[in-house]
Amino acid sequence: MGNVASCSCCQDCFGKRNRTGLYEPLLQENEREAIAELLQFLENRNHTNFFEGEPLRALSTLAFSDNVDLQRSAALAFAEITEKDVRQVGRDTLNPILFLLQSHDVEVQRAASAALGNLAVNTENKLLIVKLGGLEQLIRQMGSPNVEVQCNAVGCITNLATHDENKAKIARSDALRLLVDLARSKDQRVQRNATGALLNMTHTQENRQQLVNAGAIPVLIGLLSSPDADVQYYCTTALSNIAVDAGNRKKLAQTDSRLVQYLIALMETKSLKVQCQAALALRNLASDEKYQLEIVRCKGLTPLLRLLKSSFLPLILSSVACIRNISIHPANESPIIDEGFVNPLIELLSYDDNEEIQCHAISTLRNLAASSERNKKAIVEAGAVERIRILINQVPASVQTEMTAAIAVLALSEELKQRLLSMGVLEVLVPLTSSRNMEVQGNSAAAIVKDYSPFVQVWEKPSGGLCGFLVQFLDESQAIAFQHIGVWTIEQFLDGNDPELISKIAQSPEIVQAVTRIAKTSDRSKETKSEKIGEEGNDDLDGDIYGLAKRVANALSEIEGGKKQ
């Protein structure tokens with residue numbers, strides 16, 4: 001609006017001509033002065049701070065006037081000013097705006113709520129607006145029969161709900177019920193603001209529960225088919241957040257059996273952000289076995305594979321996270337492989353721009369290999385092991401953990417043992433048994449104990465070789481679980497009957513002494529067993545390692561005795 005138009009009503013309020021032709025004074029003197037000052041300030045608005053000093057006093061005078069026309073002028077001026085200038089303000093600025101919200105005039109309400117919504121973009125203002133009672137007044141405006149007032153009031157609450165301290169207050173108020181009602185509005189702007197506000201209320205478990213109790217789930221699901229991309233996005237994201245909680249996933253299943261189908265369809269929409277959130281919503285739903293199976297049954301793999309092959313990082317991340325959860329169910333392993341996921345997943349192992357994507361990709365490959373020789377073979381033939389071998393010393397510890405676990409799963413296959421060894425996995429796994437990461441150590445150890453003759457070649461190198469790994473794991477400073485891995489590894493080697501490898505083990509004084517020490521610890525452990533009662537798993541683990549150590553110590557003793565004869 002122009003300089004004069006913004007306060008055109010100011011000029012009409014100086015007075016009206018009566019029958020005698022004389023003007024009747026309708027305004028107080030301070031109001032006349034405020035109008036004159038405000039007109040001057042508006043002419044120089046680009047260089048005027050309306051949030052303090054004389055400009056604010058002039059606006060406040062009009063706002064607190066009993067004259068509705070002056071209130072309209074003040075509200076319109078506040079709306080226009082805050083549209084272009086948003087900053088932290090104090091009580092002196094907010095109080096006149098909050099007063100204007102209480103007006104019975106729709107135009108005043110509309111402009112005042114717009115001004116408040118503009119100021120609510122600022123973090124400090126969000127808190128002060130609620131502290132000064134703005135939430136209660138906005139809730140009243142949400143019930144207005146005027147769509148513009150509704151829209152502005154809900155938009156302001158949407159902004160207020162982005163602050164954590166405000167969320168609990170909003171959740172405990174009548175705002176949630178009204179937001180759910182207004183999400184059904186026929187006006188798309190009201191609908192958009194209401195669903196945005198509902199989304200902002202889904203970031204804590206307590207608020208999500210209050211939202212569910214207010215009846216939001218069926219409304220949000222129903223709006224997934226909205227023609228408005230923003231409404232789709234808000235509803236999909238809100239449902240994704242709601243699906244984080246196990247109890248809410250059950251309620252989602254009971255509300256609409258077509259939810260998975262709706263979300264799969266949204267992965268094909270034109271909006272990238274909606275596609276992304278649909279995949280994330282499916283990912284959270286797929287925390288439950290029911291949904292893992294349903295997503296595959298409803299043909300969700302095809303759009304997920306398309307997103308996985310995207311060049312847009314958020315789409316890749318959301319889809320690979322989703323497929324990881326889906327791959328947990330054994331019945332889904334073969335369908336995922338048959339759909340063509342293996343090669344794209346292997347490619348994502350090299351996605352060094354995002355550690356999370358790498359983790360999800362390798363974890364999915366491990367899941368796919370878990371229960372089928374056919375699947376293990378398909379993953380190896382696709383080049384997964386070669387890619388892991390190249391990358392394993394370059395990736396972060398979290399990815400390294402998943403990679404060693406994947407090789408351990410693949411190495412369970414009798415058919416693939418020799419093939420894995422011929423690929424040179426020992427050269428990378430043996431050094432990793434000295435990793436500072438305990439999971440990487442354990443996974444590497446579990447992976448290498450699958451065949452025997454090739455271990456002779458890596459007995460001393462690289463990085464201390466197999467001998468160094470065994471000595472390290474058997475050290476008394478290690479946790480019992482790692483000592484157990486070391487002793488069990490030696491037993492597997494002895495059972496392998498490779499003469500040269502067995503000889504190297506028996507001729508290593510560090511290994512023999514360590515195993516003997518563990519075996520002799522058995523008797524001492526019985527004396528302190530009572531002290532360990534209540535330590536979960538200690539009794540079973542201790543019993544296993546001591547019995548195992550005695551068997552291995554006896555076998556090594558027999559080998560050494562046989563040589564002396």
Side-chain angles (χ1 to χ4, degrees), residues 179-186 188 190-202 208 211-212 214-308 310 312 314-326 329 332 335-336 339:
L179 287 171
V180 171
D181 289 343
L182 291 176
R184 299 187 182 97
S185 172
K186 295 180 180 179
Q188 202 166 76
V190 175
Q191 198 177 81
R192 189 181 298 138
N193 285 347
T195 51
L198 292 175
L199 166 59
N200 288 339
M201 297 301 298
T202 62
R208 286 194 294 271
L211 202 61
V212 170
I217 285 180
V219 176
L220 292 170
I221 294 177
L223 288 172
L224 290 177
S225 58
S226 168
D228 184 80
D230 286 331
V231 172
Q232 287 182 343
Y233 172 77
Y234 297 145
C235 293
T236 306
T237 310
L239 288 168
S240 178
N241 292 343
I242 289 171
V244 168
D245 308 315
N248 289 340
R249 289 195 292 272
K250 292 181 180 178
K251 291 183 179 179
L252 287 166
Q254 295 165 358
T255 301
D256 195 324
S257 61
R258 297 166 295 176
L259 175 58
V260 168
Q261 297 174 45
Y262 295 151
L263 292 171
I264 290 173
L266 286 175
M267 287 195 292
E268 303 286 5
T269 191
K270 293 180 180 179
S271 170
L272 294 181
K273 65 180 184 179
V274 173
Q275 292 179 34
C276 182
Q277 289 303 321
L280 287 175
L282 289 169
R283 174 260 191 107
N284 289 339
L285 291 174
S287 298
D288 289 353
E289 180 179 293
K290 169 193 178 299
Y291 285 112
Q292 291 164 6
L293 293 169
E294 187 176 350
I295 292 168
V296 175
R297 187 175 65 250
C298 292
K299 304 187 184 306
L301 293 181
T302 299
L304 280 171
L305 180 59
R306 182 182 62 79
L307 300 189
L308 194 78
S310 165
F312 186 46
L315 287 181
I316 300 171
L317 181 56
S318 61
S319 57
V320 74
C322 183
I323 203 65
R324 176 182 182 174
N325 279 5
I326 295 172
H329 201 292
N332 289 338
I336 292 172
E339 187 70 32

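- Not a single salt bridge (Lys or Arg N to Asp or Glu O under 4.0 Å) links Lys299 to another residue, sequence neighbours left out.
- Annotation: side chain to side chain donor-acceptor pair (under 3.5 Å) contacts of Thr302 (sequence neighbours excluded): Glu339.
- Side-chain contact between Ile326 and Leu304 is present, with heavy atoms from C-beta onward closer than 4.5 Å.
- With sequence neighbours excluded, the residues that form a salt bridge (Lys or Arg N to Asp or Glu O under 4.0 Å) with Arg258 are Asp256.
- Here Arg283 contributes atom CZ and Ser240 contributes atom OG; the two are 8.0 Å apart, rounded to the nearest 0.5 Å.
- Every residue meeting the side-chain contact (heavy atoms from CB on, under 4.5 Å) condition with Ser318, not counting sequence neighbours, appears here in chain and number order: Cys276, Ala279, Leu280.
- Checked against side-chain contact (heavy atoms from CB on, under 4.5 Å), Ala265 has no partners two or more places apart in sequence or in another chain.
- One finds the CD atom of Gln277 at 9.5 Å from the CG atom of Asn284 (value rounded to the nearest 0.5 Å).
- Here the side chains of Thr195 and Val219 are not in contact, with every heavy-atom distance at 4.5 Å or above.
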* Would you sort out whether Val231 and Leu224 count as a side chain to side chain contact (heavy atoms under 4.5 Å, CB included), showing the intermediate values? => CA-CA 8 Å; Val231 172; Leu224 290 177; over 6 Å; no

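- Annotation for Gly222 and Ser225: closest pair O-OG, 3.2 Å, computed over non-hydrogen atoms.
- Crowding of Lys250 atom NZ: a count of heavy atoms from other residues, nucleotides or ligands under 6.0 Å not exceeding 12.
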* **Worked check of side chain to side chain contact (heavy atoms under 4.5 Å, CB included) between Val244 and Arg249** => CA-CA 8 Å; Val244 168; Arg249 289 195 292 272; 5.6 Å; no

* **Check against side chain to side chain contact (heavy atoms under 4.5 Å, CB included), Tyr291 and Leu252** => CA-CA 11 Å; Tyr291 285 112; Leu252 287 166; 3.9 Å; yes

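- For the atom pair CG of Leu301 and OG of Ser319, the computed distance is 11.5 Å after rounding to the nearest 0.5 Å.
- Asn241 pairs by the side chain to side chain donor-acceptor pair (under 3.5 Å) definition with Thr202, not counting sequence neighbours.
- Partners of Asp230 by side-chain contact (heavy atoms from CB on, under 4.5 Å), not counting sequence neighbours, listed by chain and number: Arg192, Asp228, Tyr234, Lys273.
- No option in Glu289, Lys290, Glu294 other than Glu289 meets the side-chain contact (heavy atoms from CB on, under 4.5 Å) test with Gln292.
- Residues satisfying the side chain to side chain donor-acceptor pair (under 3.5 Å) test with Asp245, not counting sequence neighbours, are Arg208, Asn248.
- Rounding to the nearest 0.5 angstrom, the gap separating the CD1 atom in Ile217 from the CG atom in Leu239 is 7.5 Å.
- Qualifying side chain to side chain donor-acceptor pair (under 3.5 Å) partners for Arg324, counting only residues two or more places apart in sequence or in other chains: His360, Ser363.
- The CD1 atom of Ile295 lies 8.5 Å from the CG atom of Asn325; values are rounded to the nearest 0.5 Å.
- The closest side-chain heavy-atom distance from Leu259 to Leu285 is below 4.5 Å.
- The shortest heavy-atom contact between Ala194 and Leu179 is CB-O, 3.7 Å.
- With sequence neighbours excluded, the residues that form a side-chain contact (heavy atoms from CB on, under 4.5 Å) with Gln275 are Thr269, Leu272, Arg306, Leu307, Leu315.
- To the nearest 0.5 Å, atoms CZ (Arg184) and CD (Gln191) are separated by 11.0 Å.
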